[in-house]
J.: 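I have a structure here, written as structure tokens, and I will follow up with some questions on it.
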Protein chains: 2
Amino acid sequence: MKNGRTYAEIIDRLRQAGLRPTRQRIALAGLMYSGGDRHLSAEILHGEALRARVPVSLATVYNSLHQFTARGLLREIVIDGGRSYFDTNVSDHHHFYFENEGRLEDIPAEDVVVAALPKAPGRTRISRVDVIVRVRED
Amino acid sequence: MKNGRTYAEIIDRLRQAGLRPTRQRIALAGLMYSGGDRHLSAEILHGEALRARVPVSLATVYNSLHQFTARGLLREIVIDGGRSYFDTNVSDHHHFYFENEGRLEDIPAEDVVVAALPKAPGRTRISRVDVIVRVRED
DNA sequence: AAATTACATTAGAAGCTTTCTAAATTATTG
DNA sequence: CAATAATTTAGAAAGCTTCTAATGTAATTT
Ligand SMILES: [Mn+2]
Ligand SMILES: [Mn+2]
Ligand SMILES: [Zn+2]
Ligand SMILES: [Zn+2]
């Protein structure tokens with residue numbers, strides 16, 4: 001089911017993505033891909049790394065998150081409050097955003113049907129369609 | 001067509017929203033609602049105000065944008081880069097986001113058909129559904 | 001396996017947008 | 001006009017992200 005859980009698998013994934021499998025990247029990838037699909041902030045991942053006794057700087061966490069995103073291993077989502085979330089689920093899907101908690105939750109692609117879309121203007125092309133269902137407990 | 005363009009109309013709108021029509025709010029509202037639907041950042045609106053010889057502090061621009069948003073006169077959109085945009089179009093519609101330029105453009109509500117949505121989890125209710133069509137020039 | 005080269009990590013500073021603070025000003029009410 | 005409540009403001013502070021340039025590590029070459 002889950003990909004890239006073992007040490008060797010993680011190293012493979014990094015190499016395939018053109019990233020040197022450094023101690024820090026291996027540890028971060030290991031944490032990211034443990035425990036299902038996640039929506040991680042840099043701060044959270046950094047905290048988890050330190051707790052797991054992997055001393056890594058916040059700068060490296062940011063570097064790694066962006067490199068993983070550029071290589072399609074993560075997807076970046078910015079909702080609110082100037083904080084980025086990095087989604088370990090890079091397949092086609094959408095999101096609930098809990099306004100009270102500031103938390104994201106996946107919506108499976110098949111639960112949202114976008115039946116019509118305008119065509120991309122000018123010489124642009126659609127790179128992604130994000131559907132964010134904002135919910136609150138009032 | 002456009003609402004709240006004249007001085008008296010703007011004052012009325014502010015009063016109806018429960019906001020004292022101060023020199024600064026009147027000027028900001030006047031700028032915001034001139035020239036059709038807009039997606040404004042605080043910085044841009046502040047710049048326009050200064051250019052129009054309305055000395056107003058950036059703090060007041062932020063205060064006003066948030067007050068207008070809380071009263072339904074604006075809608076806040078956060079896409080990327082930790083910068084908020086305030087949309088003068090508060091009717092039901094969606095957005096193109098030009099990834100190259102960092103610019104938003106309206107999509108009329110009828111051009112996007114969301115034919116199915118999951119129900120809101122737990123005791124939450126849907127407060128808004130945002131569809132963002134990200135486009136890029138290659 | 002040492003040397004070389006290219007790439008990665010780091011601490012701390014800096015950047016940028018947004019919010020806060022508390023003092024001064026202005027609008028409204030009586 | 002006086003009293004009161006709301007608003008504005010400069011500047012500081014906060015919060016997240018990026019940059020810098022020095023140091024460290026992985027990969028490649030000899
Ligand atoms: Mn980013
Ligand atoms: Mn805001
Ligand atoms: Zn997700
Ligand atoms: Zn809009």
Side-chain angles (χ1 to χ4, degrees), chain A residues 7-8 10-31 39-47 49-50 52-71 73-74 76-86 102 104, chain B residues 7-8 10-29 31 39-50 52-71 73-74 76-86 102 104:
Chain A
Y7 194 80
I10 288 172
I11 289 180
D12 259 25
R13 278 181 80 149
L14 290 172
R15 279 229 164 78
Q16 279 168 30
L19 295 170
R20 286 190 182 172
T22 63
R23 186 176 315 288
Q24 291 86 344
R25 286 178 182 148
I26 294 165
L28 293 174
L31 289 165
H39 302 99
L40 290 160
S41 68
E43 197 68 38
I44 291 287
L45 182 57
H46 186 229
L50 297 189
R53 299 259 159 65
V54 180
V56 58
S57 71
L58 188 55
T60 294
V61 173
Y62 275 105
N63 288 343
S64 300
L65 288 171
H66 282 133
Q67 291 153 353
F68 291 3
T69 301
R71 264 91 173 176
L73 269 44
L74 288 176
E76 184 173 0
I77 306 176
V78 180
I79 300 283
D80 226 74
R83 196 199 229 81
S84 277
Y85 291 90
F86 293 86
L104 284 168
Chain B
Y7 194 80
I10 288 173
I11 289 180
D12 258 25
R13 278 181 80 149
L14 291 172
R15 280 229 163 77
Q16 278 168 29
L19 295 170
R20 286 187 182 175
T22 64
R23 186 175 314 287
Q24 291 86 345
R25 285 180 183 146
I26 294 166
L28 293 175
L31 288 165
H39 303 99
L40 291 160
S41 68
E43 197 68 39
I44 292 287
L45 182 57
H46 186 228
E48 292 189 1
L50 297 189
R53 301 261 159 63
V54 180
V56 59
S57 72
L58 189 54
T60 294
V61 172
Y62 275 105
N63 288 343
S64 300
L65 288 170
H66 283 133
Q67 290 153 352
F68 291 3
T69 301
R71 263 91 173 177
L73 270 43
L74 288 176
E76 184 173 0
I77 305 176
V78 180
I79 300 283
D80 225 75
R83 195 198 230 83
S84 278
Y85 291 90
F86 293 86
L104 285 168

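Keep in mind that what you see is a predicted model, and the values were worked out from it rather than measured. Per chain, numbering begins at 1; letters A, B, ... match sequence-line order.
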J.: Does a side-chain N or O of B:Q24 approach OP1 or OP2 of D:dT9 to a distance below 4.0 Å, or not?
T.: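 Answer is yes, contact under 4.0 Å.
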
J.: Whether the side chain of A:T60 engages the backbone of A:V56 through a donor-acceptor N/O pair (distance < 3.5 Å, no angle test) should be reported.
T.: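 Not a single qualifying donor-acceptor pair exists.
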
J.: How close or far is atom P of D:dT8 from atom CG of B:L50, stated in whole angstroms?
T.: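 For the pair B:L50 CG and D:dT8 P, the rounded distance is 15 Å.
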
J.: A:L28 has an atom CG; how far is it from atom C1' of C:dT10, in whole Å?
T.: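 To the nearest whole Å, that distance equals 14 Å.
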
J.: Let me know the distance between CZ of B:F86 and C1' of C:dT17, rounded to the nearest Å.
T.: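 After rounding, the reported distance stands at 11 Å.
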
J.: How close or far is atom P of C:dT17 from atom CD1 of B:I77, stated in whole angstroms?
T.: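 The answer, rounded to whole Å, is 18 Å.
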
J.: Looking only at atom types and distance, does a side-chain atom of A:H66 sit under 3.5 Å from a main-chain N or O of A:Y62, one as donor and one as acceptor?
T.: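 Judged by distance alone, yes, a pair lies under 3.5 Å.
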
J.: What is the distance, rounded to the nearest whole Å, between atom CZ of A:R71 and atom C1' of C:dA8?
T.: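 My rounded result for the distance is 12 Å.
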
J.: Looking at every non-hydrogen atom in both residues, tell me the closest pair between B:R20 and B:R25 and how far apart they are.
T.: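 Shortest heavy-atom contact: O-NH1, 2.9 Å.
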
J.: Calculate the interatomic distance between A:R23 atom CZ and D:dA26 atom P; express it in whole Å.
T.: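 Atom-to-atom, A:R23 to D:dA26, this comes out as 6 Å.
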
J.: Considering just the side-chain nitrogens and oxygens of B:T60, establish if one lies under 4.0 Å of OP1 or OP2 belonging to D:dT7.
T.: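 False: B:T60 side-chain N/O out of range (4.0 Å or more) of D:dT7 OP1/OP2.
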
J.: Tell me whether the OP1 or OP2 atom of C:dT28 has a side-chain N or O from B:R15 closer than 4.0 Å.
T.: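 True: B:R15 side-chain N/O within range (under 4.0 Å) of C:dT28 OP1/OP2.
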
J.: Measure from the side chain of B:S57, starting at C-beta and using heavy atoms only, and say which of C:dT28, D:dT17, D:dA10 lies closest.
T.: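 Shortest atom-to-atom distance from the side chain points to D:dA10.
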
J.: Rounded to whole Å, how long is the line connecting atom NE2 of B:H66 with atom P of D:dT7?
T.: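 Interatomic distance, NE2 of B:H66 to P of D:dT7: 16 Å.
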
J.: Is B:V54 close to B:L50 at the side-chain level, that is, under 4.5 Å between some pair of heavy atoms?
T.: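 No - every pair of side-chain heavy atoms lies 4.5 Å or more apart.
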
J.: Considering just the side-chain nitrogens and oxygens of B:T22, establish if one lies under 4.0 Å of OP1 or OP2 belonging to D:dA6.
T.: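 No, because none of the side-chain N or O atoms of B:T22 sits under 4.0 Å from OP1 or OP2 of D:dA6.
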
J.: Quick check on DNA chain D: between A:A59 and B:V56, whose nearest nucleotide comes earlier from the 5' end?
T.: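 It is B:V56 whose nearest nucleotide is closer to the 5' end.
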
J.: Roughly how many Å is it from CG in A:L19 to P in C:dA8, rounded to a whole number?
T.: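 One finds 7 Å between P of C:dA8 and CG of A:L19, rounded.
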
J.: Can you tell if the side chain of B:Q16 reaches within under 4.5 Å of the side chain of B:R71, non-hydrogen atoms only?
T.: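 Side-chain contact under 4.5 Å: no.
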
J.: Please determine whether a side-chain nitrogen or oxygen atom of A:S84 lies at a distance below 4.0 Å from atom OP1 or OP2 of D:dC16.
T.: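 For A:S84, the contact criterion (side-chain N or O under 4.0 Å from OP1 or OP2 of D:dC16) is not met.
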
J.: Distance check: side-chain N/O of B:R20 vs OP1/OP2 of C:dT26, anything under 4.0 Å?
T.: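 So the side chain of B:R20 is outside the cut-off, no N or O lying under 4.0 Å from OP1 or OP2 of C:dT26.
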
J.: Establish, with yes or no, whether the OP1 or OP2 oxygen of C:dA8 is under 4.0 angstrom from a side-chain nitrogen or oxygen of A:R25.
T.: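 Yes, because at least one side-chain N or O of A:R25 sits under 4.0 Å from OP1 or OP2 of C:dA8.
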
